[in-house]
There are 2 protein chains.
Amino acid sequence: MQHDFARRSNRDRTEATRAHLIAAARKLFTEKSYSETGTPEIVAAAGVTRGALYHHFADKQALFAAVVEQEAAAVAEEIERASPPSLFAHDALIAGSDAYLAAMRAPGRTRLLLLDGPAVLGRAAMDAIDNRHGNRSLREGLVAAMRAQTMTRLPADALTALLASAFDRAALAIEAGASAEDYRAVLMALIDGLSRAPHPAPRPVRTR
Amino acid sequence: MQHDFARRSNRDRTEATRAHLIAAARKLFTEKSYSETGTPEIVAAAGVTRGALYHHFADKQALFAAVVEQEAAAVAEEIERASPPSLFAHDALIAGSDAYLAAMRAPGRTRLLLLDGPAVLGRAAMDAIDNRHGNRSLREGLVAAMRAQTMTRLPADALTALLASAFDRAALAIEAGASAEDYRAVLMALIDGLSRAPHPAPRPVRTR
DNA sequence: GTGTTGCATACATGCAGCCTGTATGTTAAT
DNA sequence: ATTAACATACAGGCTGCATGTATGCAACAC
């Protein structure tokens with residue numbers, strides 16, 4: 001027997017176990033809620049024991065953070081796929097907005113990323129995750145629009161955070177059954193309200 | 001002895017005990033977090049036993065809901081005090097915005113109302129509370145501005161929710177140490193972006 | 001008016017079940 | 001042989017409920 005199937009390298013074992021745990025936790029955290037999901041349930045779904053969990057993660061929160069990170073990355077990837085950099089700034093913003101709202105329709109994502117995430121990890125940690133993933137492209141789009149003079153010049157970080165929060169709230173409302181058209185219309189009106197005529201700059205505008 | 005001090009009517013006892021429990025819970029929920037605060041700690045601070053708690057409240061969540069409700073009412077009251085109905089719609093919006101941001105500087109309020117509240121009670125229940133208190137005046141202000149033709153006409157519920165979420169996020173960012181001026185500037189820009197010249201309408205503006 | 005009787009309210013105490021984190025033991029990789 | 005990757009057992013704490021007790025309260029008798 002040259003190679004035994006049960007014989008795996010430690011690196012593979014770690015990788016597989018972590019992946020199983022994250023996948024099982026993701027499923028449960030999106031179906032129920034963080035506090036309603038116990039570690040016994042998670043490890044049962046992952047086919048391991050609680051010993052494995054606490055070997056790979058410091059605590060339940062750390063596992064949750066890993067799930068959130070992965071899910072935020074998935075959302076960001078869906079957005080970037082929908083808004084290629086070839087588009088003009090304004091069009092890319094629109095495309096990205098719709099992609100975000102579509103991505104957040106995945107069951108349980110809003111609770112995971114928008115309710116439990118901030119409450120369990122704190123707004124600061126959640127901001128760090130968002131800035132590594134989703135908000136990054138939003139911020140870049142806004143800065144591009146401001147540089148192209150098609151948008152009122154404003155503090156980029158604050159503008160990004162506030163627009164992102166409006167998108168978040170829209171996703172929550174839509175999942176709760178509100179009119180997607182209404183919320184989309186308001187989001188677009190907010191963006192358009194910050195927009196200005198593209199090239200000619202009709203009259204000198206005060207920069208600050 | 002006409003009246004015995006130890007002798008209280010049942011109604012008084014109930015009122016006092018509930019008030020003590022809510023006050024103690026409010027203090028702890030604003031200092032720590034919902035999940036980090038145990039019922040033994042709450043009842044100790046309130047000077048009663050867990051039996052009293054579970055006699056007056058269905059569970060820990062119900063007590064939390066009562067605290068949130070009270071705190072939301074307090075915030076709403078601060079706002080209404082700062083934005084009397086005598087002001088013009090736009091000015092009332094600005095005054096109300098500043099009053100909200102000031103009210104949310106009370107220690108722990110952002111976590112209670114903006115992080116734990118939605119996560120523990122759910123966005124739907126939280127919306128119901130907000131609509132009974134703070135959001136009410138915001139919505140009325142927006143509707144007034146739209147009726148006065150000084151603001152783009154948009155679905156009122158969606159607009160209220162999205163602007164409110166932007167205010168919430170601003171309050172969180174400011175508490176986290178971000179520049180209050182930056183966030184205030186962006187909030188004003190968002191509102192101004194939706195505003196239009198009051199009476200003469202200098203040049204025709206595209207409605208949509 | 002006063003005393004008594006019966007019931008509901010307002011708790012206090014103790015218990016059962018669950019969950020989290022850790023410490024210890026065991027097997028397999030290196 | 002040493003270390004990593006687990007499995008198992010344990011300790012502490014917390015929530016919700018069930019049971020017990022004292023007090024308020026209303027009605028009726030006298």
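This one's a predicted model, so the numbers in the text were calculated from it and none came from an experiment. Note: hydrogens, waters and symmetry copies are ignored here, and every other heavy atom, side chains too, is used. Order of the sequence lines fixes the chain letters, A, B, ..., with proteins taken first and strands second; residue numbering starts at 1 for each chain.
Within the 4.0 Å cut-off from OP1 or OP2 of C:dC11, at least one side-chain nitrogen or oxygen of B:Arg13 is found. Side-chain nitrogen and oxygen atoms of A:Thr49 include none within less than 4.0 Å of the OP1 or OP2 phosphate oxygen of D:dT8. For the OP1/OP2 pair of C:dA29 and a distance below 4.0 Å, the side-chain nitrogens and oxygens of A:Ser9 include no atom meeting the criterion. Between B:Thr14 and C:dA10, a side-chain N or O to OP1/OP2 separation shorter than 4.0 Å is present. For D:dC6, one of the phosphate oxygens OP1 or OP2 lies less than 4.0 angstrom from a side-chain nitrogen or oxygen of A:Thr17.
The distance from atom CZ of B:Arg109 to atom OG1 of B:Thr30, rounded to the nearest 0.5 Å, is 9.5 Å.
At a threshold of 4.5 Å between non-hydrogen side-chain atoms, the residues A:Arg169 and A:Leu114 do not count as touching. By the 4.5 Å heavy-atom criterion applied to side chains, A:Leu115 and A:Leu172 are counted as neighbours.
Atom CG of B:Leu53 is separated from atom P of D:dC14 by 14 Å (rounded to the nearest Å). Taking atom CZ of A:Arg18 as the reference point, atom P of D:dC6 lies 11 Å away to the nearest angstrom. Distance CZ (A:Arg50) to P (C:dG21): 8 Å, rounded to an integer number of Å. Separating the CG atom of A:Leu28 from the C1' atom of C:dC19 is a distance of 15 Å, rounded to the nearest angstrom. To the nearest angstrom, P of C:dG21 lies 11 Å from CD1 of A:Ile42. Whole-Å rounding puts the B:Asp12 CG to D:dC25 C1' distance at 14 Å.
Looking at B:Arg153, its side chain does come within 3.5 Å of a backbone N or O of B:Met146 through a donor-acceptor pair.
Minimum interatomic distance between B:Ala171 and B:Leu101 (heavy atoms only, all atoms of both residues): N-CD2, 4.0 Å. Heavy atoms only, all atoms of each residue included: B:Gly96 and B:Ser83 are closest at N-CB, 4.0 Å.
For the segment residues 55-66 of chain B, the set of residues with a heavy atom within less than 4.0 Å of an atom of DNA chain C comprises B:His55, B:His56, in numerical order.
Using cut-offs of 30° and 60° for the angle between ring planes, the A:Phe29 and A:Tyr34 rings count as tilted.
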